[in-house]
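Remarks on the structure that follows.
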Amino acid sequence: MQFSTLDDIRGFCRDLPQGDEASAAAATQRQQNLTKPPGSLGRLEEVTIWLARWQRREMPRLDHVTIAVFAGNHGIAERGVSAYPSEVTAQMVANFAAGGAAINQIARLAGAELRVEPLELARPTRDFTTGPAMDAADFLVALDTGWRTVPEQCDLLVVGEMGIANTTVAATLCAALMGGRGVRWAGRGTGVDDAGLIRKRTTIDAALKLHRGAIDDPLVTAMSLGGRELAAIAGAVLAARARCIPVLLDGFVATAAVLPLARLAPDSLAHCRAGHVSAELGHRELLRELELAPLLDLNMRLGEGSGAGVAILLLRAALACHGGMATFAEAGVSDAD
């Protein structure tokens, strides 16, 4: 295992690999010399320079793109916080394998490899209103699964999830680490009715009360109130940082999964961008807290890595301009004075 203890994770986050500023500067200079007014491609220029910094090359590439979707089940699902039963998690994993889900179509269009990792679906995490969702061993195994899912050769990693009841988990993590109660963070997730929304809020508040002594430590919070698929996302994001691989985060759950890392080290998400902002309550506020401006706002709330998967196409457009446009000198066009 990459990390044997929680302290190993803390130690890694104290000395994080950094991007290459020389590559970023070279990409910036090229953008200024292309046949366009400086800055006229807006966020397309910014994401190109970000990719250059973390891929450590002036001309970034997206030859090897991986979408990693992690699936987990949760004990709190028995409290009626989702419109669907826990069995749907495994059924959707089978649908991914058969190629029938939205993310399969998006991955194919975006030219990305799809990796789906189910995490002990037959053994849900504990109901965190009665005790910690995971012990340290469970948490570290899940995090290690995420770490090992990231391929050595990867130009861009997209992280997503599947897990009935995991919007409740994400909302509880946000409440614990950012403040507030269930009413602030609980959205409708898979489409719960008003009674289901009340159950979500009540579940969150009960968990916060039970674990109020643990929320001073971000990793203990993630262990006590999180889920295996969220821990795996955190592990994948750490592995990407170790290898200087840029990351696109998907929706509310995937972003909440890395909130504990941001609490450990403010710089821990420098290699990440938000692929989109979802329609789920709390995601926009969470992104503001993490200073992650979403690339897309499409009112999506599916999960599966779908919103960030669509954002891959935006990055391909950015790199097509960066690599394909002529400079003023090459085109014989007069530059600005």
### Query
Hey, does the side chain of Asn104 reach the backbone of Ala101 with a donor-acceptor pair shorter than 3.5 angstrom?
yes
### Message
Treating His64 as the side-chain partner and Gln153 as the backbone partner, does any N or O pair qualify as donor plus acceptor under 3.5 Å?
### Response
no
### Query
Do Arg115 and Thr149 meet the criterion of a side-chain donor-acceptor pair at a distance under 3.5 Å?
no
### Task
Heavy atoms only: give me the nearest Leu208-Thr172 pair and the separation to one decimal.
CD2-O, 4.1 Å
### Task
Measure across Pro246 and Cys244 and return the closest heavy-atom pair with its distance rounded to 0.1 Å.
CD-O, 3.8 Å
### Task
With sequence neighbours excluded, tell me which residues meet side chain to side chain contact (heavy atoms under 4.5 Å, CB included) with Leu302.
Ala102, Glu304, Ser306
### Between Thr5 and Asp7: side-chain donor-acceptor atoms closer than 3.5 Å
no
### Task
Look at the side chain of Gln18 and the backbone N and O of Leu16, then say whether any donor-acceptor pair between them is shorter than 3.5 Å.
yes
### Query
Would you call Glu289 and Arg263 a salt bridge, using N to O less than 4.0 angstrom?
yes
### Message
If the test is side-chain hydrogen bond (donor to acceptor under 3.5 Å, both in side chains), which one of Glu58, Glu45, Gln31 qualifies with His322?
### Response
Gln31
### Task
For residues Val183 and Leu281, report the shortest heavy-atom separation together with the two atoms involved.
O-CD2, 4.3 Å
### Query
Under 3.5 Å, is there a donor-acceptor pair between the side chain of Arg316 and the main chain of Ala110?
yes
### Query
Once you round to the nearest 0.5 Å, how far does NZ of Lys36 lie from OG1 of Thr327?
11.5 Å
### Query
Just by modelled atom types, is the Ala326 backbone N or O under 3.5 Å from a matching donor or acceptor in the Thr35 side chain?
yes
### Task
Measure the CG-OG1 distance between Leu121 and Thr89 for me, rounded to the nearest 0.5 Å.
6.5 Å
### Message
Please find the pair of heavy atoms, one from Ile204 and one from Ala171, that lie closest to each other, and give the distance.
### Response
CD1-CB, 3.7 Å
## Note on the structure
Here the pair of heavy atoms bringing Val150 nearest to Ala236 is CG2-O, 3.6 Å
### Query
Is it true that Asp194 and Arg188 have a side-chain N and a carboxylate O under 4.0 angstrom from each other?
yes
### Message
Below 30° counts as parallel, above 60° as perpendicular, anything between as tilted: where do the rings of Trp185 and Phe252 land?
### Response
parallel
### Task
Using modelled atom types only, decide if a donor and an acceptor are shared between the side chain of Asp205 and the backbone of Gly182 within a distance under 3.5 Å.
yes
### Task
State, without any angle test, whether His276 and Asp297 hold a side-chain donor-acceptor pair at a distance under 3.5 Å.
no
### Message
Looking at Ser86 and Asn73, would you say the former's side chain and the latter's main chain have a donor-acceptor pair under 3.5 Å?
### Response
no
### Summary
What one should report as the nearest heavy-atom pair of Ala52 and Ala27 is CB-CB, 3.6 Å
### Message
Taking side chain to side chain contact (heavy atoms under 4.5 Å, CB included) as the criterion, tell me which of Val237, Leu230, Val247 meets it with Val258.
### Response
Val237
### Summary
Residue pairs meeting ring pair (Phe, Tyr, Trp, His ring centres under 6.0 Å), one or both in residues 65-91, sequence neighbours left out, come to none
### Query
Are Met223 and Leu261 co-members of a hydrophobic cluster defined by side-chain heavy atoms under 4.5 Å apart?
yes
### Cluster link Leu286 to Leu248, ILVMFWY, side chain under 4.5 Å
no
#### Entry: Under 3.5 Å donor-acceptor, Arg184 side chain and Gly179 backbone
yes
### Message
Donor-acceptor check, side chain of Arg43 to backbone of Ala293, threshold 3.5 angstrom: yes or no?
### Response
yes
### Query
Under 3.5 Å, side chain of Arg212 to main-chain N/O of Lys209, donor-acceptor pair present?
yes
